[in-house]
Protein chains: 2
Amino acid sequence: MFSALQTCAKHNMASDSVNRPTSSVNRPTSIKDIARKANVSFSTVSRALQNSPLISRRTAEKIQRIARDSGYRASAVARGLVTQKTKTIGVVVTSIADPFVSEVVDGIEECCNDHGYSVFLANSNADPDRERKVVQSFAERRVDGIVVTSSRVGALYIPLLSEMRVPIVLVNNQHPGEFVHSVMIENVQGSRDATNHLIQLGHRRIAYVGDRFGHQSDTERFSGYRQALDSAALPFFPELVVHGDGKSEKAIAITEALLRLKEPPTAIFCYNDMTALGVLRSLHAQGLRIPADISVVGFDDLFIASYTDPPLTTVRQPRKRMGLLAMGSLLQLMGGQNLSQAITVAAELVVRKSSGPLQKDRR
Amino acid sequence: MFSALQTCAKHNMASDSVNRPTSSVNRPTSIKDIARKANVSFSTVSRALQNSPLISRRTAEKIQRIARDSGYRASAVARGLVTQKTKTIGVVVTSIADPFVSEVVDGIEECCNDHGYSVFLANSNADPDRERKVVQSFAERRVDGIVVTSSRVGALYIPLLSEMRVPIVLVNNQHPGEFVHSVMIENVQGSRDATNHLIQLGHRRIAYVGDRFGHQSDTERFSGYRQALDSAALPFFPELVVHGDGKSEKAIAITEALLRLKEPPTAIFCYNDMTALGVLRSLHAQGLRIPADISVVGFDDLFIASYTDPPLTTVRQPRKRMGLLAMGSLLQLMGGQNLSQAITVAAELVVRKSSGPLQKDRR
DNA sequence: TTGTAGGCGTTATCAT
DNA sequence: ATGATAACGCCTACAA
């Protein structure tokens, strides 16, 4: 008892005079501070705070009370160092300001929070170099897993995966085939449905305003469009297919060109809602009535789609759910399970007012 | 030399047989692994990797090469433990899916990235309990600073500030007066400008569709509206002031009621763009022409504002810049500076097509 | 049921 | 210019 006290005193002196020369940088209260107040060893405190069964109820309660009263917060960084698990995941996005992306992240975050994980967020600005750097920083942070949305360079992650030994899940990335774990929207089915919808309304000259050439999602959506035409035995008009950039400005110019054709389309199917926004605006500017004169269909079902004039017929991507699914897969992978199948999510046609029956005598 | 080798060998044996009984959980390569390969002590490696001047060029280069080749990534968690600085900040948002919020976060993230910080993101869902929990988790993560956007419970952070001893900056929170460090939009000036704009167009019966009663930003925007009326010596009509909820659905019903008045307004100034969206839709449904029959002005300048029909006159909040400013302040605070003045950002009226001169004979 | 000791991967302060 | 050593705050055998 006596010697124990002496040791304790010596220890205190050491830590007060030597270890903490600058008392001005007072650290957050630690497990040791609590141990001192409770007159127990700090390992007892550690156990009590984890509700370990091998601690007497009395001391456990006392310790927990002291911890609460002194506003103790266990250091996740110290814990991470010893357990080799940080309970964090990294999320790489092109831009968090993108409404598609932000809803996916919303889903990811919700799932993380429910499972005690914190999320690191980083923008890549669709720049492969930045994307690389961001992932390096995640590596240094020792994240337990990574989710990447809309990457153009999914292949980048293949070597990283083995290097970092951390599970990675991609959402709507450009080259899912190359990557094991991914959540993808069913582009082909979605755009087939959209095109079929227009065909059933009687349209024969249906334009497709795509994304930049070579992008996987564009290729797939175009493919769905072709499939619909083919299975309805309708002719394919190459002049009705134009590549945009997924933004509305470009779509405006494209629409004008489309309308200048000797035989303009009677319906326009757009790669995404942003493109459709530009198309709508351009059509309005030309004084055309929608859908009386021409029909428009988008893809994504952004919030804005129900507020355009007229409300936009489009293909819905359940973005938040895709985020939840991605995080769900990641949790399984981090738990050591080895699911290797890519998840694919059905796209849902949402019919609003921008699509209508073909008017035979429209001009 | 001989004894040194022996020590080294002993050390290796110890760490290989005792310290790492399970070689299956192979950790990322550490400073020690590199030290072994380079035949130097691990402190030399540490210095070489930090470009310490007291290391010979030769060994420094050798070490750096080995580090690069073995894909070494310094553990930020270990570094954080010893330096007591994690180089992370926590961002609390109501919902990252909110377009206002996501652009603020975009600015924050950009600034963080430029300065070597990583950002933890967490949704509060506007729930004070969640908000409290989120901040606790940030405390455990030992973040170096916190940014909170659109909190309704700014006061919550006052005790936290002293407890956590971490700088906090609030963006557009409800009660800035209570809090030292904040970035706020100039609500009063912005809505005064908007209202003046309508007055100059000849409007006398201008409605204000606000947010829920009691919210600071609503109170301020209403105050700007009143100021404009007063300084133009115009009468104030209480029946033209209605409280919405900042969402478009509610605004639809409100607009219908407004139009049923014996003397309906000739212009509607909305608390935000979402509200304006509902107003526009309702107006369209009633067959009114905008702005010929009635003018509409919003607040925020969301992306969607330039794509409504007609494009919406509104008051712009420079959201990304506000994020940058908030993070700028936080950097200064984390650097030990003690700026205590709240930052206020000017709002900018953006005139588009939804506002026009009063038509005397409109009905 | 509780205490002791060692180690997680760094940085930093001594020595040499 | 380099090496040994002690933290940082926590977890976890192993001892008692």
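Heavy atoms only: backbone and side chains are in, while hydrogens, waters and symmetry mates are out. In what follows, chains carry the letters A, B, and so on, assigned in the order in which the sequence lines appear, proteins first and then strands, with residues in each chain numbered from 1.
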In this structure, how many angstroms lie between the [atom2] atom of [N] and the [atom1] atom of [X], rounded?
{"X": "Arg36(A)", "N": "dG3(C)", "atom1": "CZ", "atom2": "C1'", "answer": "16 Å"}
{"X": "Arg142(B)", "N": "dC8(D)", "atom1": "CZ", "atom2": "P", "answer": "13 Å"}
{"X": "Lys62(A)", "N": "dT1(C)", "atom1": "NZ", "atom2": "P", "answer": "15 Å"}
{"X": "Arg58(A)", "N": "dT1(C)", "atom1": "CZ", "atom2": "P", "answer": "14 Å"}
{"X": "Lys32(B)", "N": "dG3(D)", "atom1": "NZ", "atom2": "C1'", "answer": "14 Å"}
{"X": "Asn51(A)", "N": "dC11(D)", "atom1": "CG", "atom2": "P", "answer": "12 Å"}
{"X": "Gln50(A)", "N": "dT2(C)", "atom1": "CD", "atom2": "P", "answer": "15 Å"}
{"X": "Ile63(A)", "N": "dT1(C)", "atom1": "CD1", "atom2": "P", "answer": "13 Å"}

Backbone of [Y] reached by a side-chain donor or acceptor of [X] within 3.5 Å:
{"X": "His181(B)", "Y": "Leu339(B)", "answer": "yes"}
{"X": "Asp33(B)", "Y": "Ser30(B)", "answer": "yes"}
{"X": "Arg141(A)", "Y": "Ala76(B)", "answer": "no"}
{"X": "Ser52(A)", "Y": "Ile55(A)", "answer": "no"}
{"X": "Asp144(A)", "Y": "Thr86(A)", "answer": "yes"}

Less than 4.5 Å apart, side chain to side chain, heavy atoms only: is that true for [X] and [Y]?
{"X": "Arg142(A)", "Y": "Arg73(B)", "value": "yes"}
{"X": "Val171(A)", "Y": "Val147(A)", "value": "yes"}
{"X": "Phe138(B)", "Y": "Val166(B)", "value": "no"}
{"X": "Glu110(A)", "Y": "Lys320(A)", "value": "yes"}

Are [X] and [N] close enough that a side-chain N or O sits under 4.0 Å from OP1 or OP2?
{"X": "Thr59(B)", "N": "dA1(D)", "answer": "no"}
{"X": "Thr44(B)", "N": "dG3(D)", "answer": "yes"}
{"X": "Ser56(B)", "N": "dA1(D)", "answer": "no"}
{"X": "Ser46(A)", "N": "dC11(D)", "answer": "yes"}
{"X": "Gln84(A)", "N": "dG7(C)", "answer": "no"}
{"X": "Ser41(B)", "N": "dG3(D)", "answer": "yes"}
{"X": "Thr83(A)", "N": "dC8(C)", "answer": "no"}
{"X": "Arg79(A)", "N": "dG9(D)", "answer": "no"}

For a quick check of understanding: with a heavy-atom distance under 4.0 Å over all strands, which category does [X] fall into, base, sugar-phosphate or nothing?
{"X": "Ile31(A)", "result": "sugar-phosphate"}
{"X": "Val40(A)", "result": "sugar-phosphate"}
{"X": "Ala74(A)", "result": "sugar-phosphate"}
{"X": "Ser75(A)", "result": "sugar-phosphate"}

- Once you build an axis from the first five pairs and another from the last five of the helix from dT1(C)-dA16(D) to dT16(C)-dA1(D), how far apart in angle are they, to 10 degrees? 50°

Check nucleotides 13-16 of chain C against the protein and report each pair of N or O atoms closer than 3.5 Å, with its distance, or say if there are none.
unit_1: dT13(C); atom_1: O4; unit_2: Arg47(B); atom_2: NH1; d: 3.4

- Does a side chain donor of either Asn113(B) or Asn123(A) reach within less than 3.5 Å of an acceptor in the other side chain? no

- Message: With nearest nucleotide decided by heavy atoms, which residue, Leu54(B) or Thr29(A), maps closer to the 5′ end of DNA chain D?
- Response: Leu54(B)

- Between dT2(C), dT10(C), dG9(C), spot the one nearest the side chain of Phe42(B), thanks. dT10(C)

- Before giving the answer on side-chain hydrogen bond (donor to acceptor under 3.5 Å, both in side chains), spell out for Ser46(B) and Ser43(B) the whole-Å C-alpha distance, their side-chain angles and the decisive distance to 0.1 Å. CA-CA 5 Å; Ser46(B) 174; Ser43(B) 32; over 6 Å; no

